[in-house]
Q: 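Quick one: the structure is below, questions incoming.
Counting starts at 1 for both ligands and their atoms, in listed order.
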Amino acid sequence: MRVLRRTLGTLLVLGLLGGCLSCAAARGDDAGPGDRRAEAPAPYEQLLPAPASVRAAGPGYPLGPGTVIRTGPVGDDEVRRVGELLAEQLRGPTGLPLPVVEGLEGTAGAGILLRIDARAEGVGEEGYRLESAPRGVTLTARTPAGLFHAGQTLRQLLPPAGAGTVPGGQITDAPRFAYRGAMLDIARHFFPVEQVKRYVDQLARYKVNTLHLHLTDDQGWRIAVDSWPRLAEYGGGSEVGGGPGGHWTKDQYRDLVAYAAARYVDVVPEIDMPGHVNAALASYAELNCDGKAPERYTGIKVGFSSLCVGKDRTYEFIDDVLGELAALTPGRYLHIGGDEAHSTPAADYAAFMDRAQAVVGKYGKTVVAWHQLAAARPAPGAVLQYWGHDKTAAAEKAAVAAAAKAGHPLILSPADRLYLDMKYDATTKPGLAWAGYVPVRRAYDWDPGTYLAGSGVPASAVLGVEAPLWTETIATRPDLEFMAFPRILGLAELGWNPAPPDWSGYSRRLAAQAPRLDAESITYYRAPDVPWP
Ligand code: TNX
């Protein structure tokens, strides 16, 4: 696949006038002797994630008061919505009216065209082609998702403020991985929907297409469940450190899911079980083996709570909860946790996970679970999320590799690479360090395709990557953003661009994002080894 993509890139390069510029730059290829590649205009070199292939050529398209956004085919409401959203995103920085009109006819000098072409080549399901010349910019994709991603690239080709010119050239682009995710823990500390929307905006901007929400844990239950109302009403009323906590109503949750969907971000909800359940046990005495509800919990220990595996009521509970959650979830995945069940004996754990996975299947969804499920009996098709690190025991990795070879896709979230709650270094105020420090370079500088190859995981088993942000020590928006940015951009790059890591090229492109992050008032860590402006 990767070789294919590279070959495709090379063919494009050979076939086109100016030569492939940023693909070579992004891949760290050395220009051989006699190489006649021209200098790419800066904006193409700054794109993050780097596109699969870029050719810069000739003069570009200057946006102006007459610029319109045209969408086609006529009557395709989804393409129209992508156009409307792009217009909205461009109006702020450009100050232009950018009306959206349907129909691609009579388009000479027409501005920005969004067109679906089911046979577009080299773009897959989520990729796109972008062509910029003096008469306009054309975005072509097989799907509305591809057009959305093209629009995000277009935004990066324009200055952070002002109308500007889209430099002349052509991009053909497609992602390396289908799953490019970020996880947010709203259980340890509660975060309101509006703040999560802001995060979704940023993720979508960098082509991250999945938001995994850790909705429940010992310290709080954050999503309303009609059949068990005390979960949210009582179990939601706590968080780490003794704050008031909170929960989302179903309407708020639906609103977030729709907001994310409009940006081609799929929401994967997680109900963690059979451990990490103190908030549920505190809310309903009947869920406890001894029939007694514990106090709510506001500390940061893990591994002390467990659902009562031998009780029928436990399975009525998970059926009700997962059924209601499935009904709120247009996407295919339900995450059922399964990590750190230290208070559940191994045989009980396996028996419980068998039944929990069956419930997910009954509601028509695909299981995602933390990789501890590998040591039990993952159901056919279940996806495992690996959160090990360099010191993870070989036997644990071997269990994951066996599952991968048996056909279970893997999402890679190595804790010492992608855990956004790990401190950058000893001076970082928020965060933990149990997996070590994770500087910006370390988060980026590895290859998901070969990461577990030494343990026997085939590259084809890797569905993608995800960066989790656990919030035991993170309670405010500035802290959340400071931990996520800029490491989440490294995740975006790893998930999209097929090139081997190239820190010097990447860190320059990362630095070029600074004015864009500043324009959004994002608090980010100015890592000392990034050449920030
Ligand atoms: C491990 S990762 C956990 C979480 C903690 C996190 C803190 C995982 C599946 N479990 O419960 O919040 O470490 O870094």
Q: Out of Arg188, His214, Glu472, who gets a non-hydrogen atom closest to atom 11 (O) of ligand 1?
A: Arg188
Q: Scan side-chain atoms only and decide if Trp370 and Glu270 contain a donor-acceptor pair under the 3.5 Å cut-off.
A: yes
Q: Around atom 2 (S) of ligand 1, find the nearest protein heavy atom and jot down its residue, atom name and distance.
A: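 Answer, as residue, atom name and distance: Tyr419 OH, 2.3 Å.
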Q: Is there at least one pair of N or O atoms, one from Asp217 and one from ligand 1, spaced under 3.5 Å apart?
A: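 No, no N or O pair falls under 3.5 Å.
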Q: On the 0 to 90° scale, with breaks at 30° and 60°, tag the Tyr419-Trp434 ring pair as parallel, tilted or perpendicular.
A: perpendicular
Q: Among protein heavy atoms, which sits nearest to atom 3 (C) of ligand 1, and what does the distance come to when rounded to 0.1 Å?
A: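 Looking only at protein heavy atoms, the one closest to atom 3 (C) of ligand 1 is Glu340 OE1, 3.3 Å.
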Q: Is the centre of the Tyr128 ring less than 6.0 Å from the centre of the His149 ring?
A: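 Centroid separation for Tyr128 and His149: 6.0 Å or greater.
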Q: Checking Glu466 against Tyr179: is there a side-chain donor and acceptor pair closer than 3.5 Å?
A: yes
Q: Closer than 4.0 Å to some heavy atom of Asp421 - which atoms of ligand 1 meet that?
A: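 Near Asp421, meaning under 4.0 Å from one of its heavy atoms, ligand 1 has 7 (C), 14 (O).
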Q: Under 6.0 Å between ring centres, would you say that holds for Phe190 and Trp221?
A: no
Q: Do the ring planes of Trp503 and Tyr506 sit parallel (below 30°), tilted (30 to 60°) or perpendicular (above 60°)?
A: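 It falls in the tilted class, 30° to 60°.
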Q: What atoms of ligand 1 come within less than 4.0 Å of a heavy atom belonging to Leu432?
A: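 Heavy-atom distances to Leu432 below 4.0 Å select 7 (C), 14 (O).
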Q: I'd like to check which ligand 1 atoms, numbered from 1 as shown, lie under 4.0 Å from a non-hydrogen atom of Met422.
A: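 In order of number, 14 (O).
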Q: For ligand 1, is there an N or O atom under 3.5 Å from any N or O atom of Asp339?
A: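 Yes, Asp339 has an N/O under 3.5 Å of an N/O on ligand 1.
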Q: Can you tell me how the ring of His212 sits relative to the ring of His335, calling it parallel under 30°, perpendicular over 60° and tilted otherwise?
A: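 Answer is parallel, since the angle falls under 30°.
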Q: For ligand 1, which atoms have a heavy atom of His276 less than 4.0 angstrom away?
A: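 Heavy-atom distances to His276 below 4.0 Å select 11 (O).
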